[in-house]
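All remarks here apply to the structure that follows.
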2 protein chains.
Amino acid sequence: MGEIRNAERTQKNILEAAKREFFDKGFKGARIEAIAENAGVKKQLIYHYFKGKAELLEAVLVYSATSEPEWVAQVPDDPLHIAEHRFRVNSQARADFIKFSAWEALEARAEQTSWNKGGEIALQSYASYWKAQQEKGMVPPDLDPEFVALALTALTTYPIIFSSITQIMTGLESSDPEFQEKWSAFLTKVSGRLLEPSEQTEA
Amino acid sequence: MGEIRNAERTQKNILEAAKREFFDKGFKGARIEAIAENAGVKKQLIYHYFKGKAELLEAVLVYSATSEPEWVAQVPDDPLHIAEHRFRVNSQARADFIKFSAWEALEARAEQTSWNKGGEIALQSYASYWKAQQEKGMVPPDLDPEFVALALTALTTYPIIFSSITQIMTGLESSDPEFQEKWSAFLTKVSGRLLEPSEQTEA
DNA sequence: AGTATAATTTTATATTTGTTAAATTAAATT
DNA sequence: AATTTAATTTAACAAATATAAAATTATACT
């Protein structure tokens, strides 16, 4: 309409709109029509550039993986601040992807599909990280490092996924910067308490 | 077919099937046809007994609320074991309801609907509990009790909701009794570390 | 300018799914 | 037994939604 024809730009518009739609509504909940409307395009164009709904989602996932900024570089050394760092990154740069993962997990359970082949690796490597930390003596020996990883994953994603629950319990939305500050501080305290050597070492 | 006509029993069959379907797939994902099939009934009967899909869900919620066993009675006194107790109850008697709440939270965010009027009260009263515990000196004063409540909610529901993630990180499904035992023990340790008075009380 | 090719829209189809209305069958009542 | 009422099924509708084919419009190339 307003602009000159440009396949590349149009495809990008579609991908951006699709990303918003999929990440917000999940695969089943996403509507091709809504994506088209949001991209300022007739929906049949989507079938022209991407084969179908499933293929569009896959394209969105690679697009979103490549286009997102690198954040692995600046991971803090101190395991005490890992959780806080994770939460900050999750709630800022990756909030919508986290929400999508939640959709994915629920939908995958209800049916049998599973996108996100890269997600598993990330989760497992996170578990490996805590195993290594335990071997370095940074995690109390009585705590299973895989459970530590799971617990911290829960604590760093739950408020983002369940913002309404967060709102009800704390009075703050998880998108609120005030919540993010306070929860970050809380996570650091929790990490400290979790990782500090137990008092009754041995009798 | 096999049995004699009995409106009450049929309604119960429908409610049971609907409960399974809604709790597993969420509201949008649930299929009336699947419910009918599962209940051994033609789907039009559902419209006869319950007005429509939305009303059926409401009926399921009250049915499920009244038919579930009481568990509030045997809550442990010691806040150290609250999390473990919550997790045990959640993963056994209430696993499917927890999953439904997850669907509800995600769907409510995507749209504007919200069932589950009773859920808010439960969450708030859980927050109040921890506030009271802190006043009794059972929670370190530097930890916001509402955040403690949110954290423990996350830890006691996340593995149930995201069983696949749990499987990837720990090698165990959250429905596996082995996982439930280990996670329960882990939660108690975490609670202990979280609630124990800080070492550097004041300088 | 004229033709080929790419970009986009119009029109149409098939399927899924929630819902309604009518018809049928069984139980209850007199 | 006849009639009324309740339980259940058959048939049909309508809206939503993913998808396909054809038509149109703009751009590139010679």
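To find a chain, count down the sequence lines: A is the first, B the second, and so on, and within it residues start at 1. From a predicted model like this one, the values you see are computed outputs, not experimental measurements.
Non-hydrogen atoms lying under 4.0 Å from DNA chain D are contributed by nothing in residues 54-61 of chain A. Near-neighbour residues of DNA chain D inside residues 37-48 of chain A, defined by a heavy atom below 4.0 Å, number-ordered: K43(A), Q44(A), Y47(A).
Contact annotation for A30(A): backbone-only contact, meaning every heavy-atom pair under 4.0 Å involves sugar-phosphate atoms and none involves a base.
Distance, I32(A) CD1 to dT15(C) P: 18 Å, rounded to whole Å. A straight line from CD of E33(B) to C1' of dA16(D) spans 16 Å, rounded to a whole angstrom. Distance R31(B) CZ to dT17(D) C1': 12 Å, rounded to the nearest Å. Regarding R9(A), its CZ atom lies at a distance of 13 Å from the C1' atom of dA26(D), rounded to whole Å. In this structure, the CD1 atom of I35(A) is 11 Å from the P atom of dT19(D), given to the nearest Å.
More than 12 non-hydrogen atoms from other residues, nucleotides or ligands lie less than 6.0 angstrom from NZ of K189(A). Heavy-atom contacts from other residues, nucleotides or ligands closer than 6.0 Å to CD of E173(A) number more than 12.
When the side-chain nitrogen and oxygen atoms of T10(B) are compared with OP1 and OP2 of dA7(D), none of them lie within a distance under 4.0 Å.
In this structure, D77(B) has no side-chain contact (heavy atoms from CB on, under 4.5 Å) partners at least two apart in sequence or on a different chain. Scored by the salt bridge (charged side-chain N to carboxylate O under 4.0 Å, His left out) test, K43(B) finds E33(B) as partners (sequence neighbours excluded). Listed by chain and number, the residues in a side-chain hydrogen bond (donor to acceptor under 3.5 Å, both in side chains) with Q11(B) amount to none (sequence neighbours excluded). Looking at residues two or more places apart in sequence or on another chain, you find a side-chain contact (heavy atoms from CB on, under 4.5 Å) between E178(A) and L172(A), D176(A), K182(A). Remark: Q134(B) engages V139(B), P145(B) in a side-chain contact (heavy atoms from CB on, under 4.5 Å) (not counting sequence neighbours).
Of the two residues near DNA chain C, K28(A) and K51(B), the one whose nearest nucleotide lies more 5' is K28(A). A residue-by-residue look at K53(B) and Q11(A) shows that Q11(A) has its nearest nucleotide of DNA chain C further toward the 5' end.
Identified under the ring pair (Phe, Tyr, Trp, His ring centres under 6.0 Å) test for residues 143-166 of chain B, with sequence neighbours left out: F179(A)-F147(B), W183(A)-F147(B), F186(A)-F147(B), Y158(B)-F162(B).
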Name the atoms and distances for all side-chain donor-acceptor pairs under 3.5 Å in residues 45-60 of chain A, with sequence neighbours left out.
| unit_1 | atom_1 | unit_2 | atom_2 | d |
| --- | --- | --- | --- | --- |
| K53(A) | NZ | F27(A) | O | 2.9 |
| K53(A) | NZ | A30(A) | O | 3.0 |
| E55(A) | OE1 | G52(A) | N | 3.2 |

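Relative to the side chain of Y49(A), the nucleotides dG18(C), dA18(D), dT8(C) differ in distance, and dT8(C) lies closest.
Nucleotide dT30(C) has dA1(D) as its partner under the Watson-Crick or G-U criteria, with both atom distances under 3.5 Å.
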